[in-house]
Amino acid sequence: QVQLVESGGGSVPAGGSLTLSCAVSGFTLTSSNWYCMAWFRQAPGKEREAVAFIGDISSPQYSVKGRFPISLDNAKSTLYLQMDSLEPEDTALYYCALDRRLSTNCQRDFNTGRAYWGQGTQVTVSS
């Protein structure tokens with residue numbers, strides 16, 4: 001059974017930093033498994049939006065103006081999101097997700113309905 005568990009959220013002042021982690025179990029992150037991983041976020045009263053994507057062979061792809069680097073440690077089966085210079089507008093519940101990779105373009109082909117999701121980690125940025 002695939003499980004994703006996020007951690008690393010918290011409350012910080014504007015300009016602060018957080019590093020989010022997503023531990024993956026029940027799925028081996030190797031190129032033979034053809035996968036894409038992503039971070040999404042959802043702020044209160046707003047729709048969920050994509051933050052960044054990365055796959056087994058695809059280069060990182062970014063939304064949110066490319067502000068937050070995404071990285072993957074295959075040996076630790078952990079996905080990361082480095083969040084620096086945080087703004088109050090970044091306040092949201094952040095989720096990681098895992099989907100099958102159908103092409104080299106994870107951002108274009110990511111299927112949120114098919115993907116596995118974590119429970120989310122809250123990020124709150126105060127002004």
Side-chain angles (χ1 to χ4, degrees):
Q1 182 178 357
V2 178
Q3 289 190 325
L4 308 177
V5 179
E6 301 97 334
S7 62
S11 296
V12 296
S17 298
L18 288 170
T19 301
L20 305 185
S21 300
C22 172
V24 181
S25 61
F27 184 91
T28 303
L29 298 178
T30 64
S31 58
S32 63
N33 282 337
W34 291 44
Y35 64 88
C36 289
M37 294 203 71
W39 286 99
F40 289 80
R41 68 184 185 182
Q42 187 165 20
K46 296 186 177 180
E47 292 188 355
R48 183 177 59 196
E49 65 172 341
V51 176
F53 298 83
I54 192 168
D56 54 323
I57 64 169
S58 67
S59 299
Q61 296 168 290
Y62 298 101
S63 299
V64 197
K65 302 179 181 179
R67 290 174 53 215
F68 303 140
I70 187 173
S71 62
L72 186 61
D73 187 330
N74 299 82
K76 295 182 178 180
S77 293
T78 302
L79 180 74
Y80 299 98
L81 187 71
Q82 180 61 44
M83 306 172 68
D84 297 319
S85 302
L86 283 162
E87 303 170 355
E89 293 72 25
D90 296 317
T91 294
L93 189 60
Y94 284 72
Y95 299 91
C96 65
L98 171 68
D99 187 24
R100 292 182 291 157
R101 179 176 60 79
L102 302 181
S103 73
T104 58
N105 193 329
C106 283
Q107 185 172 20
R108 182 191 67 194
D109 296 334
F110 201 91
N111 187 322
T112 57
R114 181 180 61 208
Y116 297 95
W117 292 86
Q119 82 289 347
T121 186
Q122 179 67 40
V123 172
T124 302
V125 185
S126 58
S127 57

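Atom set for the values below is all heavy atoms of this structure, side chains included, hydrogens, waters and symmetry mates excluded.
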Enquirer: Give me the one residue out of L98, T28, V24, I54 that meets side chain to side chain contact (heavy atoms under 4.5 Å, CB included) with Y35.
Expert: L98
Enquirer: Run the ring pair (Phe, Tyr, Trp, His ring centres under 6.0 Å) test on F40 and W117 for me, step by step, so that the C-alpha distance in whole Å, both residues' side-chain angles and the decisive distance to 0.1 Å come before the verdict.
Expert: CA-CA 10 Å; F40 289 80; W117 292 86; 5.0 Å; yes
Enquirer: How about CZ on F27, more than 12 heavy atoms from neighbouring residues, nucleotides or ligands closer than 6.0 Å, or not?
Expert: yes
Enquirer: What's the spacing between L93 CG and Q42 CD if we round to 0.5 Å?
Expert: 7.5 Å
Enquirer: Looking only at heavy atoms, which two atoms of D84 and F68 are closest? And how far apart?
Expert: O-CE2, 3.7 Å
Enquirer: Will you find, in the side chains of N105 and Q107, an N or O donor that is under 3.5 Å from an N or O acceptor?
Expert: no
Enquirer: Could you tell me whether the side chain of S17 reaches within less than 4.5 Å of the side chain of M83, counting heavy atoms only?
Expert: no
Enquirer: Just verifying a value: how many Å separate L20 CG and S7 OG, rounded to the nearest 0.5 Å?
Expert: 8.0 Å
Enquirer: Measuring from M37:CE to S77:OG, what's the distance to the nearest 0.5 Å?
Expert: 9.0 Å
Enquirer: Are L72 and V2 connected into the same hydrophobic cluster when the rule is that any two of I, L, V, M, F, W, Y join if their side-chain heavy atoms are below 4.5 Å apart?
Expert: yes
Enquirer: Hydrogens and angles aside, do R67 and S85 bring a side-chain donor and acceptor to less than 3.5 Å of each other?
Expert: no
Enquirer: Looking at D109, is its backbone amide N or carbonyl O close enough to the side chain of R101 to form a donor-acceptor pair, meaning the two atoms are under 3.5 Å apart?
Expert: no
Enquirer: Tell me the salt bridge (Lys or Arg N to Asp or Glu O under 4.0 Å) pairs involving residues 15-29, sequence neighbours left out?
Expert: none
Enquirer: Hey, could you give me the CG/CZ distance between D99 and R114, rounded to the nearest 0.5 Å?
Expert: 4.0 Å
Enquirer: Just checking, any donor-acceptor pair under 3.5 angstrom between side chains of T30 and S32?
Expert: yes
Enquirer: Carefully, step by step, assess Y95 and C22 under the rule side chain to side chain contact (heavy atoms under 4.5 Å, CB included).
Expert: CA-CA 9 Å; Y95 299 91; C22 172; over 6 Å; no
Enquirer: With distance as the sole test, does Q82 use its side chain to make a donor-acceptor pair with the main-chain N or O of P69 at under 3.5 Å?
Expert: no
Enquirer: Atom CD of E89 and atom OG of S127: how far apart are they, to the nearest 0.5 Å?
Expert: 9.0 Å
Enquirer: For V125, which residues count as a side-chain contact (heavy atoms from CB on, under 4.5 Å) partner, sequence neighbours excluded?
Expert: V12, A14, L86, P88, D90, T91, V123
Enquirer: Hey, any chance L4 and I70 share a hydrophobic cluster, counting ILVMFWY side chains that come within less than 4.5 Å of each other, even indirectly?
Expert: yes
Enquirer: How close do A115 and F110 get, counting heavy atoms only, and between which atoms?
Expert: CB-CE2, 3.8 Å
Enquirer: Look up atom SG in C36 and atom CG in D56, then write down how far apart they are to the nearest 0.5 Å.
Expert: 7.0 Å
Enquirer: If only side-chain N and O atoms count, and only distance matters, is there a donor-acceptor pair under 3.5 Å linking T78 with D73?
Expert: no
Enquirer: Mind checking what makes side-chain contact (heavy atoms from CB on, under 4.5 Å) contact with A92, not counting sequence neighbours?
Expert: R41, A43, Y94
